[in-house]
Amino acid sequence: MKSNPILFSLFGSDHFAKRMHQQLGYEMGNITLHQFPDEETVINIKSLVNDKDVIMIADLTNPNGKILPLLFAAETARELGAKKIGLIAPYLVYMRQDKRFQPGDSITSHYFAKLITNYFDGLMTIDPHLHRWHDLNDIYYIPAIALHATKPIATWIKANVPDALLIGPDAESSQWVSSIAQRINAPFLILEKQRKGDNLVEITIPKIDLYQNHTPILVDDIISTAATMIKTVTHLKSLHMKPSICIGVHALFAGDAYENLQKSGVKQIITCNTIAHASNAIDVTNLMIEAMDDLFKT
Ligand code: R5P
């Protein structure tokens, strides 16, 4: 009989790991990452991993200080005899640098994928930023599962907003906005966005007179500086629409982004719990639990 994988939580992912342990009965692994005064890291895996499949669930936000320890953790498990090692990153970092924007730029999404591919045998994530890459397997040469938060988001909207008008702030967002709208039978609009700088985004909004009685719900995969959301909210306000609700899958909220978005006149800010944040109201743990059997499948 195939034995259950052993689950290790890294960088504050214990809430996910505990739910997986409770619902799937997977053993919770014991791992410590100790940082020396010189900021080098030593990994210690106390649990027996020999001949077992290992799953590491990791919050990789603010990735640069986490990546080496993550790779060392995988390598330690490998040396201690782990059979297969899977990575669950509810938010997959380094997906947005997906082309050479300026001559000489790095394409870090590709380099990061190469690193992960070298150390892990399977990857699971939720709504990765697939824009110029169309599929995770364009860059990840291991079984890679991209789950979608559309169903739990649709459930939240249906339960909370009877007069929803879904708004996708740019062309990329149409993939999940149209799918959510279809699930709850609500109208949707996709706007045109032009980024003029890190914090400057220009929005073009089509005629929305037809929807004056609706509550605009902006849905995007990532809220980072919140410039995209703020611009859209402000424009909708100028069109005398009802106050907007902003829904993001991944609550990155760099710097003062959350406070700035709150001040922009939104009715509510809601996010999925892929990244722990005060705005989390949509739980995506079950998405990962339901897909767990597929983690190492090709
Ligand atoms: C971009 O293509 C993404 O889908 C988001 O629209 C973007 O990352 C949001 O970034 P910000 O919050 O900085 O406007």
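First listed ligand is number 1; within each ligand, the first listed atom is number 1. Values below: every heavy atom of this structure, side chains too, minus hydrogens, waters and symmetry copies.
With respect to the salt-bridge test (charged N to carboxylate O, under 4.0 angstrom), the residues K66 and D59 qualify. A salt bridge links D121 with R78: at least one charged nitrogen is closer than 4.0 Å to a carboxylate oxygen.
The distance criterion of under 3.5 Å between nitrogen or oxygen atoms is not met by W176 with respect to ligand 1.
In the displayed structure, K83 atom NZ is contacted under 6.0 Å by more than 12 heavy atoms of other residues, nucleotides or ligands. Annotation: K99, atom NZ; neighbour count of heavy atoms from other residues, nucleotides and ligands within 6.0 Å is above 12. Within a 6.0 Å radius of CG in L48, no more than 12 heavy atoms belonging to other residues, nucleotides or ligands are found. In the displayed structure, Q23 atom CD is contacted under 6.0 Å by more than 12 heavy atoms of other residues, nucleotides or ligands.
Between H277 and Y258, the ring planes lie perpendicular to each other; the angle is over 60°, past the 30° to 60° tilted range.
Taking every non-hydrogen atom of I222 and a distance limit under 4.0 Å, the qualifying atoms of ligand 1 come out as 5 (C), 7 (C), 8 (O), 9 (C). Every atom of ligand 1 is numbered from 1 in the order shown, and the set under 4.0 Å from a heavy atom of I223 is 12 (O). Annotation for ligand 1: atoms under 4.0 Å from non-hydrogen atoms of D221 are 3 (C), 4 (O), 5 (C).
Of the heavy atoms in R96, only side-chain atoms (C-beta onward) come closer than 4.0 Å to ligand 1. Counting heavy atoms under 4.0 Å from ligand 1, residue T228 touches it through both backbone and side chain. If you look at L252 next to ligand 1, there are no close heavy atoms at all, none under 4.0 Å. Contacts between H129 and ligand 1 below 4.0 angstrom, taking non-hydrogen atoms only, involve the side chain exclusively. Residue contacts with ligand 1, taken as heavy atom pairs separated by less than 4.0 Å, involve D220 solely via side-chain atoms from C-beta onward. Only the backbone of A226 comes within 4.0 Å of ligand 1, judged by heavy-atom distances.
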